[in-house]
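Just follow the structure's listing: the first ligand is 1, and inside any ligand the first atom is 1.
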Amino acid sequence: MNNRIITLDEFIIKRQKDFSYATGELTGLLRDIGVAAKIVNREVNRAGLVNILGVDGSENISGDEVKKLDMYANEKLIDCLKNSGECCGIASEENENYISLPNVESKSAKYVVVFDPLDGSSNIDVNVSVGTIFGIYRRLSNEGEEVQVQDFLQKGTELVAAGYVIYGTSTILVYSTGRGVNGFTLDPSIGEFCLSHRDIIIPETGSYYSVNQGYYQKFDLEIRRYIDHCSDENRGLRYIGTMVSDIHRTLFHGGIFLYPNTRKYPDGKLRLLYECNPMAFIVEQAGGKAMTCDLKRILELEPTDLHQRVTIALGSPLILDEMKTFVKRYSTQAIF
Ligand code: P6P
């Protein structure tokens with residue numbers, strides 16, 4: 001068994017050769033995101049020691065209380081992307097509007113990046129895993145000009161690349177450029193993300209379901225009936241409360257992750273642009289399915305707002321097919 005270390009940089013460059021049109025900008029961008037992830041990882045791992053825990057008192061666009069680590073991660077990602085010269089615009093959960101980045105050394109960047117810098121921030125103070133989620137699009141507006149909001153409001157099917165970093169017992173970066181999904185584990189002793197999960201394929205089925213059971217009474221009938229079915233089948237309920245972590249487990253162990261609509265979040269809580277689309281891209285690339293709770297494919301939704309929320313159900317293909325039958329059977333809406 002050849003157990004030679006393959007670093008993220010080496011893998012990205014090697015894969016670049018697979019893309020005839022690739023001219024290195026995307027490669028550079030992915031590497032810059034890897035650098036930002038290492039910087040954020042360092043602070044996440046010592047957050048309790050360096051007084052960046054706790055809240056900074058502000059609230060983000062989504063009304064979530066912002067913890068200092070959120071802001072730190074946001075700033076580091078922006079700095080890395082700003083210096084890369086490959087990114088001309090950013091849309092972040094932490095910023096109400098998109099950010100237009102100036103050209104670096106007269107290079108006119110081709111890509112925009114959407115990200116949630118620190119997903120699951122409510123878990124930071126209790127040492128539960130958190131994550132970074134990112135998606136990369138080709139800009140639609142003219143190169144060399146200011147980015148427009150339409151550069152960000154693209155369907156998930158237009159993603160050039162997407163991925164996430166999970167800061168847990170180990171720090172793993174998982175990404176796809178549309179040709180499968182690969183995972184890289186950070187080796188702190190050499191400061192490199194090393195290939196650890198090649199060609200990830202989600203199990204066709206699974207015995208876990210992941211949903212906030214506390215909202216059960218607020219879910220629509222069809223979702224309650226489906227959750228009842230999972231319980232009747234003695235499936236395990238696993239819910240960490242960090243989207244990245246719950247989906248990372250689903251990617252490896254199979255099953256389904258759901259965030260349906262509730263009274264508090266009538267359109268769902270999770271954001272389409274920088275949470276649902278990148279995670280749906282990864283899950284589909286791994287052979288899974290990702291849809292809204294009224295059965296629309298996540299990646300085909302037309303975004304209308306940088307921070308719009310959607311419902312989501314994603315995971316193993318056979319489990320999603322099963323969920324679809326319950327929605328069709330019990331939904332009061334006209335489901336097609
Ligand atoms: P609830 C974390 O705050 C987050 O945005 C996602 O990471 C997670 O899946 C969800 O919200 C948890 O929300 O309402 O179950 O606490």
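Distances between N or O atoms of T242 and those of ligand 1 include no value under 3.5 Å.
The aromatic rings of Y265 and Y259 sit perpendicular, their planes meeting at an angle over 60°, well past the 30° parallel limit.
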* Report the C-alpha distance between D267 and R309 in whole Å, list the side-chain angles of each, state the deciding distance to 0.1 Å, and finish with yes or no for salt bridge (Lys or Arg N to Asp or Glu O under 4.0 Å). => CA-CA 6 Å; D267 297 323; R309 299 174 190 269; over 6 Å; no
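Numbered from 1 in the order shown, with element, the atoms of ligand 1 that lie under 4.0 Å from a heavy atom of Y239 read 1 (P), 12 (C), 13 (O), 15 (O). Contact atoms of ligand 1 toward N212: 1 (P), 15 (O) (distance under 4.0 Å to a heavy atom of the residue).
At distances below 3.5 Å, at least one donor-acceptor pair connects side-chain atoms of D119 with backbone N or O atoms of M243.
Which of K269, E275, M243, R271 comes nearest to atom 3 (O) of ligand 1 through a heavy atom is settled by distance: it is K269.
Under the 4.0 angstrom criterion for non-hydrogen atoms, Y265 is not in contact with ligand 1.
Among residues two or more places apart in sequence or in another chain, the ring-ring contact (aromatic ring centres under 6.0 Å, His included) test is passed with F11 by F184.
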Donor-acceptor pairs under 3.5 Å, side chain of residues 156-167 to any protein atom, not counting sequence neighbours: which ones?
| residue | atom | partner | partner atom | Å |
| --- | --- | --- | --- | --- |
| Y164 | OH | H248 | ND1 | 2.6 |
| Y167 | OH | T132 | OG1 | 2.8 |

